[in-house]
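See structure below.
So that the names make sense, note that chain A is the first sequence line, chain B the second, and so on, each numbered from 1.
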2 protein chains.
Amino acid sequence: MATLKDIGIELGLSVATVSRALNGFPEVNARTRDRVRQTADRLGYRPNRIAQRLVTGRSGMVGMIARIQPDMSSDMIFFEMLTGLTAALAARDTDLVFAVDQSDEPVLPYQRLLERGILDGFILNAPVPGDPRVTWLKARGVPFVVHGQDQVQVDYPFYGIDNRAVMVDSVDLLAALGHRRIAFLNGELRLAFANDRLAAFRNAMAAEGLSVPDHFIASDDPSENYGYGRGLAMLSGRLGPRPTAIVCGSTLTAAGVLRAARDLSLNVPGDLSVMAHDDALPKHRATNFSPALTVTRAPMRDACVPLANHLVDHIDGVAAAQLQTLIRADVIVRNSTGPVPEEGKDPWHSTQ
Amino acid sequence: MATLKDIGIELGLSVATVSRALNGFPEVNARTRDRVRQTADRLGYRPNRIAQRLVTGRSGMVGMIARIQPDMSSDMIFFEMLTGLTAALAARDTDLVFAVDQSDEPVLPYQRLLERGILDGFILNAPVPGDPRVTWLKARGVPFVVHGQDQVQVDYPFYGIDNRAVMVDSVDLLAALGHRRIAFLNGELRLAFANDRLAAFRNAMAAEGLSVPDHFIASDDPSENYGYGRGLAMLSGRLGPRPTAIVCGSTLTAAGVLRAARDLSLNVPGDLSVMAHDDALPKHRATNFSPALTVTRAPMRDACVPLANHLVDHIDGVAAAQLQTLIRADVIVRNSTGPVPEEGKDPWHSTQ
DNA sequence: ACTTTGTTCCAAAACGTTTTGAGTTCTGTA
DNA sequence: TACAGAACTCAAAACGTTTTGGAACAAAGT
């Protein structure tokens, strides 16, 4: 490993001059700079991050921590983000330290990693309302960026989708088709985004003058089984009046609902409209559904580059207020949504 | 962040003494050591990895690199390993730097990360025969450990399953049940383990005096679709004589084969025996199959702790020869294997 | 000739740790 | 009392980088 000293000796220059030459400082002769650059290239010089960090306090490394869940289902999403973020960070010459959280104390792994003295900042995912990690990191002035927000009004850098808009768009679309009994299979309420969506759903329904009976709301970790089970329960009518439309928090859940509808011989969209929010994970493609799924769409992948940039910019000193991005999901109407069935003509009345 | 100097000032000691006290050197007074330890705890002192690395050349950080594939299917396995390894490394006070390989030059990301001067070693997964990463890292004396081996005889630390034994066990089990037409749905031949298995399969078959027609062998990235497609092709008979038993490289592939058998109204194990190698990923449980799958079983998770230990031990100076573990997979007989159907009584002759 | 200004470079300090070589203070023995 | 040896502690160097505070020199202005 060539060092600044090696280059200096080779050229009869001091390390100081070599350092300035390579870092583009103005007070070094253009010819000298060229000579330094050339020998640096020839010797394959790369600055030692360790030494850089020791003196500048910057290491060019950030951390990301995964919660290990007994159920690994949602972790595919995490991995998707992890690889995308790592690639995006590489473009900003930043490396990523990965750790896992096995304790039930959420800030512990962050503290442990921070105390190593090797990190410039963190990427936080899956925030919960009033996330303790956020308050902890903020308290000690550690830069971080959040995928999403832990509350509506925040003062840290983040990138996320407008969950309120997602629900308004979904409810409005279905209401415009005449639906009045709209159910919502939400994600885990523990998570901030699911909280936001639930509140937004209720507001949007109220704005349309529609009521939301308790059994029209469910929330759980998204899975096909969850969608099937809750879908079947709602559509069987044993919980109360049946919905004519179901909004799902994820396409995986929607897949379950579609299976439930199939098992009940319900036609989608004739008897039942189904839509979902689509994170556009490479595995579950909403177009491959039958019928093709109407969705609000915001690819997870799209978050990686802005998240990486926001964090690195913030570490570089850009104010948090400049680094807050809330994007609006696209509404993509496909074949799983349609006009509400005429009253008295829905399959339950006609067959039963 | 408390430093050695802080502790030294507090106690009126030099940083040298504080350092020795904390690192358990013998030439420091027991009372002094206690006092140092206490104030270190009180001040929440944690050694600065950066400074440590600069002077010792050790950082307590290792690297792992994921190949980003357009198809993310096999990456679930990688993520499973990644989290397990990270946890196992944490137990050895070692952190993990994660990077992704987007180029088609396999050593490039390793070089890039190494040149940062922050890593003590690497964990390599999915070796290919004569893996270029192995030769490159070996050439510059960088410690590493491999999950598996890139060839039969190696001189580096590794942990892997005995793929030869897996195939011998599988073939012997089926041969003992009277099967003579045994097919093999292998993994990607690009990978070393699949290479080893194919050779071992051929040897084991030859040892039993059984021939292996070309159409009894297939190899591809494991997936349900692959198992279904190749299974259907083999069992339809349009490629040649039909197998009475199929060995699958993964349970995912076996799931596809079982579906193909179902579609052809073949009874398993009455008409067809199916077995697979089971990496025991949390998602696909072989016991949940119907019929429950006979497998050679070696949980991926089991590899994490030994891999982490091998690497850290190797970095600590333990010779590679001491750090080579080849474990034998368990053979678990369940309900998907049975005696070969009597000649002339198999469903193709009776129904057709 | 003397000062000023600008350009180009350098020596040295700093970051926090480990480690070397050299004291300094105790203890026990002659 | 003197001395050897053990026990304990310290100052300083080192790792590779950035950054501070000049220094040397030339060109330009007075």
Can you list the residues that meet the salt bridge (Lys or Arg N to Asp or Glu O under 4.0 Å) rule with [X], with sequence neighbours excluded?
X      : result
B/R49  : B/D93, B/D95
B/E105 : none
A/D104 : none
A/K5   : none

Check whether any side-chain heavy atom of B/H310 lies under 4.5 Å from a side-chain heavy atom of B/V318, and answer yes or no.
->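 No, too far: nothing below the 4.5 Å cut-off.
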
Tell me the interatomic distance from [X], atom [atom1], to [N], atom [atom2], rounded to whole angstroms.
X     : N      : atom1 : atom2 : result
B/I9  : D/dC10 : CD1   : P     : 13 Å
A/R31 : C/dT8  : CZ    : P     : 10 Å
A/R58 : D/dT19 : CZ    : P     : 11 Å

Tell me which residues in residues 109-122 of chain B put a heavy atom below 4.0 Å from DNA chain D, sorted by number, or none.
->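 Here the set is empty: none.
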
In residues 144-152 of chain B, what donor-acceptor pairs under 3.5 Å come from side-chain atoms, sequence neighbours left out?
{"from": "B/Q149", "atom 1": "NE2", "to": "B/V152", "atom 2": "O", "distance (Å)": "3.1"}
{"from": "B/D150", "atom 1": "OD1", "to": "B/Y156", "atom 2": "OH", "distance (Å)": "2.6"}
{"from": "B/D150", "atom 1": "OD2", "to": "B/D131", "atom 2": "N", "distance (Å)": "3.0"}

Taking for each residue the nucleotide of DNA chain D bearing the nearest heavy atom, is the 5' side occupied by B/V28 or by A/E27?
-> B/V28

All pairs passing ring pair (Phe, Tyr, Trp, His ring centres under 6.0 Å) where residues 100-123 of chain B contributes a residue, at least two apart |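 Counting only pairs at least two positions apart or across chains, the ring pair (Phe, Tyr, Trp, His ring centres under 6.0 Å) contacts touching residues 100-123 of chain B are B/Y110-B/F122.
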
For nucleotides 10-17 of chain C, read 5' to 3', which letter fits each nucleotide if B means a protein heavy atom sits under 4.0 Å from the base, S means only the sugar-phosphate is that close, and - means neither?
-> BB--BBBB

Using the salt bridge (charged side-chain N to carboxylate O under 4.0 Å, His left out) rule, collect all pairs that involve residues 31-42 of chain B, keeping only residues at least two apart or in two chains.
->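 Those involving residues 31-42 of chain B are B/E10-B/R42.
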
Qualifying salt bridge (charged side-chain N to carboxylate O under 4.0 Å, His left out) pairs with a residue from residues 305-318 of chain A, counting only residues at least two apart or across chains =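 Sorted pair list: A/R58-A/D316, A/R92-A/D313, A/R92-A/D316.
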
Contacts of type side-chain hydrogen bond (donor to acceptor under 3.5 Å, both in side chains), residue B/T56, not counting sequence neighbours = none

Per the end-axis method with five pairs at each terminus, what is the bend angle of the helix from C/dA1-D/dT30 to C/dA30-D/dT1, to 10°?
-> 80°

